[in-house]
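Remember, predicted model here, so these are calculated numbers, not experimental data. All ligand and atom numbering here is 1-based and tracks the order in the structure.
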Amino acid sequence: MTVKSSNPETIVLHAGHRRDEATKAVAVPIYQTTSYLFDDTDHASNLFALREPGNIYTRMMNPTTDVLERRLAALDGGAAALALASGQTASTFAILNVAQAGDNFVTSTDLYGGTWNLFANTLKQFGIEARFVDPADPQGFVRATDERTRAWYAETLPNPKLQVFPVREVGELAERAGVPLIVDNTAAPVLARPLQHGAHILVYSATKFLGGHGTSIGGAIVDGGTFDWERHATRFPLLTQPDPSYHGAVWTQAAKPLGPVAYVLRARVTLLRDIGAALSPFNAFQIIQGMETLALRMRVHSDNAAAVALFLSKQPKVERVIYPGLQSGEPRRRADALLKHGYGGLVGFELKGGADSGRRFIDSLQMFYHVANIGDARSLAIHPASTTHSQLSAEDQLATGVTPGYVRLSVGIEHIDDILADLTQALDAA
Ligand code: PLP
């Protein structure tokens, strides 16, 4: 029996697993195995030829990871998901799955620093060009697109600017241009459901809110199943032309018996097969455990962050607070259109005293952890200019919204009184 629900609180506990078939275990077992015994040579060759579903080797699939993938796909209303070793792997695969040397993709400038580096430098080594456009103007995506453009890319709730991406507007333009819109929803799981607003594919760092306890690096791609690859076949030869690496399989054809899952199928059986950035079953288990309380945690993260933003906005040493719920005009309209259940756990602010004051503030925190992470159940803080975004030029830092005095908080689920007390004493010292 499977529990049917469209409510995230229920999906994160029940989707993809009722009990273990072999043992009746209720908690998802950790299948810590590399390999799976074939019944006979016919069975083995059928599995390899994708004539029947089943497990071959944990680099490509694993029963523990499978539950995580089903749960994520259900949570976002997608057709299928692929769990991967990290969020960085997820964004790399999301592009490599449709683009090859000579191709390009258009991306929002509002990106995590690591994604920026990946796109601007490492993918360039592969001959794939990232074209950066300001998301304030959705038409910028259209203007930067030509016949070699294979995707558009953005983050739902990009930090540090925390200005919500116009998913519906750009999604409609993407549909018209015949290009899939890929959205990194790392900072807003449950709160935002971009596939319902016109995004075609999601990327997650599961390291953050999904796992939620700072124990495991992981990532995922969720395929909405809504992009019509065959209609735009000349733009997507990797999915619609015979693949020489898989005895001529055409992925849009091969996926037909499984549903609209050509994108995730190809990513799994070619990119994951060849590059091997697999999530370990143990980390899949940890992320599944974290996800069981995801809906609950996102609510508390959002409530606490709202209280922190209000508190900071009244502090004389604070120059400005960056938080979707305090924005006005078009940024606020975009936030309210996408974030239906809270503005998330991230709050940025600038101290009047600039970089020196920012450093003193961070060094004085007693409960907040000074770490390069977001989305932990614990409260976290960082000074992006000297850490996460330090590999970007000063100009590129400003384009992503990092000023010298900017401090980023990932507000945890501790009692709000303790969170405000720690901020108060650190501000006194700043
Ligand atoms: N996307 C976003 C929005 C992130 O914040 C991060 C990491 O900070 C990543 C992707 C990369 O994820 P990972 O660290 O799991 O590789």
Next item on the list: Among all protein heavy atoms, pick out the one at the shortest distance from atom 16 (O) of ligand 1; state its residue, atom name and that distance to 0.1 Å.
Entry: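 Here the closest protein heavy atom is Gln88 N, 2.9 Å.
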Notebook entry, point to check: Where is the nearest protein heavy atom to atom 10 (C) of ligand 1: which residue, which atom, and how far?
Noted result: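 Looking only at protein heavy atoms, the one closest to atom 10 (C) of ligand 1 is Asp184 OD2, 3.5 Å.
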We want to know whether [X] and [Y] form a side-chain donor-acceptor pair, criterion being a heavy-atom distance below 3.5 angstrom.
| X | Y | value |
| --- | --- | --- |
| Asn62 | Tyr36 | yes |
| Tyr31 | Thr65 | no |
| Asn104 | Asp146 | yes |
| Tyr204 | Asp184 | no |

Any salt bridge between [X] and [Y], counting N to O under 4.0 Å?
| X | Y | result |
| --- | --- | --- |
| Glu9 | Arg299 | yes |
| Arg320 | Glu350 | yes |
| Arg297 | Glu292 | no |

Between [X] and ligand 1, is there a nitrogen or oxygen pair with a distance under 3.5 Å?
| X | result |
| --- | --- |
| Gly87 | yes |
| Ser205 | yes |
| Lys208 | yes |

Any atoms of ligand 1 less than 4.0 Å from a non-hydrogen atom of [X]? List them with their elements.
| X | value |
| --- | --- |
| Ser86 | 15 (O), 16 (O) |
| Glu155 | 3 (C) |
| Thr207 | 13 (P), 15 (O) |

Next item on the list: Please state whether Gly218 comes within less than 4.0 angstrom of ligand 1, counting heavy atoms only.
Entry: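 For ligand 1, residue contact (heavy atoms, under 4.0 Å) with Gly218 is present.
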